[in-house]
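Positions are given from 1 along the sequence. When reading the values below, keep in mind they use all heavy atoms of this one structure, side chains included, and skip hydrogens, waters and symmetry mates. Just so it is clear, the model here is predicted, and its values are computed rather than measured.
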Amino acid sequence: MSNTDDRRMQIVFDYIINNFQNDITLEKVSALIHMTPNAFCRFFKQRTNKTFFKYLIELRIEHACQLLKTNKDLSVAQISDLSGFRSISNFNRKFKELKHVSPSYYLQHRKSNIEELEDINA
């Protein structure tokens, strides 16, 4: 990868990290590095072995997992929104595809693990 490619990828990654909670379009991201959306899709996949949207969804789901682990006061719907999903059904579908359990099950499982750890430490 050339220095120019490295800089372009860094611009994209910085933008994604700072904006994944918002709507992100191919047009906006590709414009940041002066590419057409089609050229950007090829460029991104060649360097990450993932489509742009697959990468974005994985990042959003990992953020949701962190919120599910650390914020017991937030509902699944709130976590979905805070993670950049605008549809709870899409969030549930993508979460289950990646984690093989629903967000609600993940949350319940996390709570039971904490209770088990507390019992062991008592």
Participant: Go through Leu32 and Val12 one step at a time and tell me if the side chain to side chain contact (heavy atoms under 4.5 Å, CB included) criterion holds.
Facilitator: CA-CA 8 Å; Leu32 288 171; Val12 169; 5.9 Å; no
Participant: My understanding is that only one of Ile61, Val76, Leu67 makes a side-chain contact (heavy atoms from CB on, under 4.5 Å) with Pro103; could you say which?
Facilitator: Val76
Participant: Please step through side chain to side chain contact (heavy atoms under 4.5 Å, CB included) for the pair Arg8 and Arg47, ending with a clear verdict.
Facilitator: CA-CA 11 Å; Arg8 284 179 165 175; Arg47 284 151 186 82; over 6 Å; no
Participant: Can you give me the closest heavy-atom contact between Ser83 and Arg60, atom names plus distance?
Facilitator: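 Smallest interatomic distance, heavy atoms only, reads O-CG, 2.9 Å.
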Participant: Could you check whether atom NZ of Lys54 has more than 12 heavy atoms from other residues, nucleotides or ligands sitting under 6.0 Å from it?
Facilitator: no
Participant: Looking at CD of Glu27 and CZ of Phe40, how far apart are the two atoms once the value is rounded to the nearest 0.5 Å?
Facilitator: 11.0 Å
Participant: Does a donor on one side chain and an acceptor on the other come within less than 3.5 Å for Gln10 and Asp6?
Facilitator: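 On atom types as modelled, these side chains do not qualify, holding no pair under 3.5 Å.
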Participant: Shortest non-hydrogen contact from Ser80 to Ser87?
Facilitator: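 Closest heavy-atom pair between Ser80 and Ser87: OG-O, 4.1 Å.
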Participant: For the OH atom of Tyr105 and the NZ atom of Lys96, what is their distance to the nearest 0.5 Å?
Facilitator: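 With rounding to 0.5 Å, OH (Tyr105) is 11.0 Å from NZ (Lys96).
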Participant: I'd like to know if the side chain of Ser104 pairs up with that of Ser102 as donor and acceptor (distance under 3.5 Å, no hydrogens or angles considered).
Facilitator: no
Participant: So among Arg86, Lys94, Arg93, which one has a side chain to side chain donor-acceptor pair (under 3.5 Å) with Asn90?
Facilitator: Arg93
Participant: Of the options Tyr15, Phe53, Phe52, which is the one that meets Phe44 in a ring pair (Phe, Tyr, Trp, His ring centres under 6.0 Å)?
Facilitator: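 The residue from Tyr15, Phe53, Phe52 that satisfies ring pair (Phe, Tyr, Trp, His ring centres under 6.0 Å) with Phe44 turns out to be Phe52.
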Participant: Hey, what do you get for CG (Leu107) to NZ (Lys72), rounding to the nearest 0.5 Å?
Facilitator: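 Output value for this atom pair is 11.5 Å.
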Participant: Relative to the ring of Tyr55, is the ring of Phe13 parallel (under 30°), tilted (30 to 60°) or perpendicular (over 60°)?
Facilitator: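 Rings of Phe13 and Tyr55: tilted, 30 to 60°.
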Participant: Stepwise, does the side chain to side chain contact (heavy atoms under 4.5 Å, CB included) test hold for Ile57 with Leu98?
Facilitator: CA-CA 9 Å; Ile57 288 166; Leu98 290 172; 4.1 Å; yes
Participant: Where is the tightest heavy-atom contact between Val29 and Ile24, given as atom of each residue plus distance?
Facilitator: CG2-CG2, 3.3 Å
Participant: So if I apply the side-chain contact (heavy atoms from CB on, under 4.5 Å) rule between Phe43 and each of Asp5, Asn38, Thr36, which one comes out positive?
Facilitator: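 It is Asp5, the one option of Asp5, Asn38, Thr36 that forms the side-chain contact (heavy atoms from CB on, under 4.5 Å) with Phe43.
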Participant: CG of Leu26 to CE of Met35: how many Å apart, nearest 0.5 Å?
Facilitator: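 Leu26 CG to Met35 CE: 12.5 Å, rounded to 0.5 Å.
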Participant: How far apart are the closest heavy atoms of Met9 and Thr48, and which atoms are they?
Facilitator: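 Answer, listing the atom of Met9 first, then Thr48: CE-CG2, 3.7 Å.
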Participant: Of the non-hydrogen atoms in Phe95 and Val101, which two are nearest, and what is the gap between them?
Facilitator: CD2-O, 3.2 Å
